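A short worksheet on the structure shown next.
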Amino acid sequence: MREVPGAPGALTLPIDRSWDGAAVPGGTGLVAALTATPEAMVVVAEGPVHAAALAPDAPPGTRVDRLWTFDVVECFFRASDGRYLELELGVAGHYLALRFSGPRELDDALAQPPIECRLEVREGRWRHEARVPRHWFPEPIDAIAAFAIEAGRHYAADPVGGAVPDFHRTHAYRAARIPSWESSRAQR
């Protein structure tokens, strides 16, 4: 079972397989890293800079609808009752957060307030860090998944099966927990 630690640790998820589980020759270099704080989840997405990267025409730090049509890293956080949060971090510093009551059943577009984002590009890599408020997450988290879309290709840390790329196959996410959030819930 995966565990998301508190700072300074991080659960690192290499997104190094094709969506269907096939090996990617040379790898992708795409990674998601998760760190829990009492008030938020710090999510870091990073990967190699590509000249043909697809990004929206909006300022960095902006919430962009349909961000999945561009190059992104996507993290999904599922609660034990089936609700889940989808967080997308774009290669140019954009984000999208959506909360679902079940597979593809949108509950909340989470448009306000904006989340804190920071983009760095250096040495041929981009790094997008977002601080997502804890109250946006359904709890208790029991599974986590990470995916990416790059130049129209779909990748996964853990492929979820199916005949076509579908990152909302929540029943196939890997078991995970956030120990510090569990203990703070128990103290309430």
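Computation of the quantities below employed the complete heavy-atom set of this structure, encompassing side-chain atoms and omitting hydrogens, waters and symmetry-equivalent molecules. Remember, it's a predicted structure, so these values are computed and weren't measured experimentally.
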key: Residue pair R122, E120: steps toward the salt bridge (charged side-chain N to carboxylate O under 4.0 Å, His left out) verdict   = CA-CA 7 Å; R122 63 179 157 171; E120 297 175 3; 3.3 Å; yes
Presence of salt bridge, R134 and E139, under 4.0 angstrom = yes
task = Search all heavy atoms of L96 against all heavy atoms of R66 and return the closest pair with its distance.
result = CD2-N, 3.9 Å
message = Show the nearest heavy-atom pair for residues P159 and S18, with the distance to one decimal.
response = CG-O, 3.8 Å
Steps toward salt bridge (charged side-chain N to carboxylate O under 4.0 Å, His left out) verdict (R99, E86) = CA-CA 6 Å; R99 195 167 38 215; E86 174 183 356; over 6 Å; no
query = For the side chain of D16 and the backbone of G27, is there at least one donor-acceptor N/O pair under 3.5 Å apart?
reply = no
key: Donor-acceptor contact present, side-chain R125 to main-chain G29, <3.5 Å   = yes
Ion pair check, D166 and R104, cut-off under 4.0 Å = yes
task = Could you tell me which non-hydrogen atom of V4 sits nearest to which non-hydrogen atom of A36, and how far apart they are?
result = CG1-N, 3.7 Å
ask   = Is the shortest heavy-atom distance from the side chain of V42 to the side chain of T37 under 4.5 Å?
value = yes
request  = State, with a plain yes or no, whether a side-chain heavy atom of E74 is found less than 4.5 Å away from one of I149.
outcome  = yes
message = For R131, is there an ion pair with E129 - N to carboxylate O distance below 4.0 angstrom?
response = no
message = Quick check: is L106 connected to F77 through a chain of hydrophobic side chains (ILVMFWY, heavy atoms under 4.5 Å apart)?
response = no
ask   = Are I141 and L13 joined in one hydrophobic group, where the rule is that I, L, V, M, F, W and Y side chains link up if heavy atoms are under 4.5 Å apart?
value = yes
query = To the nearest 0.5 Å, how far apart are CD in E88 and OH in Y95?
reply = 12.0 Å
query = Going through the checks in order, is the side chain to side chain contact (heavy atoms under 4.5 Å, CB included) test met by E105 and D107?
reply = CA-CA 6 Å; E105 296 173 13; D107 182 46; over 6 Å; no
Minimum side-chain heavy-atom gap V91-H128 below 4.5 Å = no
query = When hydrophobic residues are tied together by side-chain contacts of less than 4.5 Å, even through go-betweens, does V72 share a cluster with L85?
reply = no
query = Hey, any chance L54 and I15 share a hydrophobic cluster, counting ILVMFWY side chains that come within less than 4.5 Å of each other, even indirectly?
reply = no
task = Report the distance from atom CG of L110 to atom CG of L98, rounding to the nearest 0.5 Å.
result = 7.0 Å
message = So does E46 get a backbone contact from the side chain of R127, meaning a donor-acceptor N/O pair under 3.5 Å?
response = no
note = Between G90 and L67, the two heavy atoms sitting closest are N-CD2, 3.9 Å
inquiry  = Nearest 0.5 angstrom please: D108 CG to S101 OG, how far?
reply    = 11.0 Å
key: Close aromatic pair by centroid cut-off 6.0 Å: F137 and W181   = yes
inquiry  = I'd like to know whether the aromatic ring centres of Y173 and F76 sit less than 6.0 Å apart in this structure.
reply    = yes
ask   = With hydrophobic residues grouped by side-chain heavy-atom distances under 4.5 Å, do V73 and V121 end up in a single group?
value = yes
ask   = Where do L30 and A148 come nearest, in terms of heavy atoms and distance?
value = CD1-CB, 3.6 Å
query = Going through the distances and angles, do L87 and I115 end up as a side chain to side chain contact (heavy atoms under 4.5 Å, CB included)?
reply = CA-CA 11 Å; L87 175 68; I115 62 175; 4.1 Å; yes
query = How many angstroms lie between atom NE2 of H50 and atom CD of E150, to the nearest 0.5 angstrom?
reply = 3.5 Å
inquiry  = Walk me through whether R2 and D158 qualify under salt bridge (charged side-chain N to carboxylate O under 4.0 Å, His left out).
reply    = CA-CA 12 Å; R2 292 182 167 143; D158 300 296; 2.2 Å; yes
task = Measure across V43 and C75 and return the closest heavy-atom pair with its distance rounded to 0.1 Å.
result = CG1-SG, 4.0 Å
note = With H154 as partner, the option from W68, F147, W19, F167 fulfilling ring pair (Phe, Tyr, Trp, His ring centres under 6.0 Å) is F167
note = To the nearest 0.5 Å, atom CG of L119 lies from atom CH2 of W126 at 8.5 Å
key: Pairing of D142 and R177 as salt bridge, 4.0 angstrom limit   = no
key: Aromatic plane relationship, F100 with Y84 - under 30° parallel, 30 to 60° tilted, over 60° perpendicular   = parallel
message = Quick check for you: to the nearest 0.5 Å, what is the distance between T170 atom OG1 and R83 atom CZ?
response = 12.5 Å
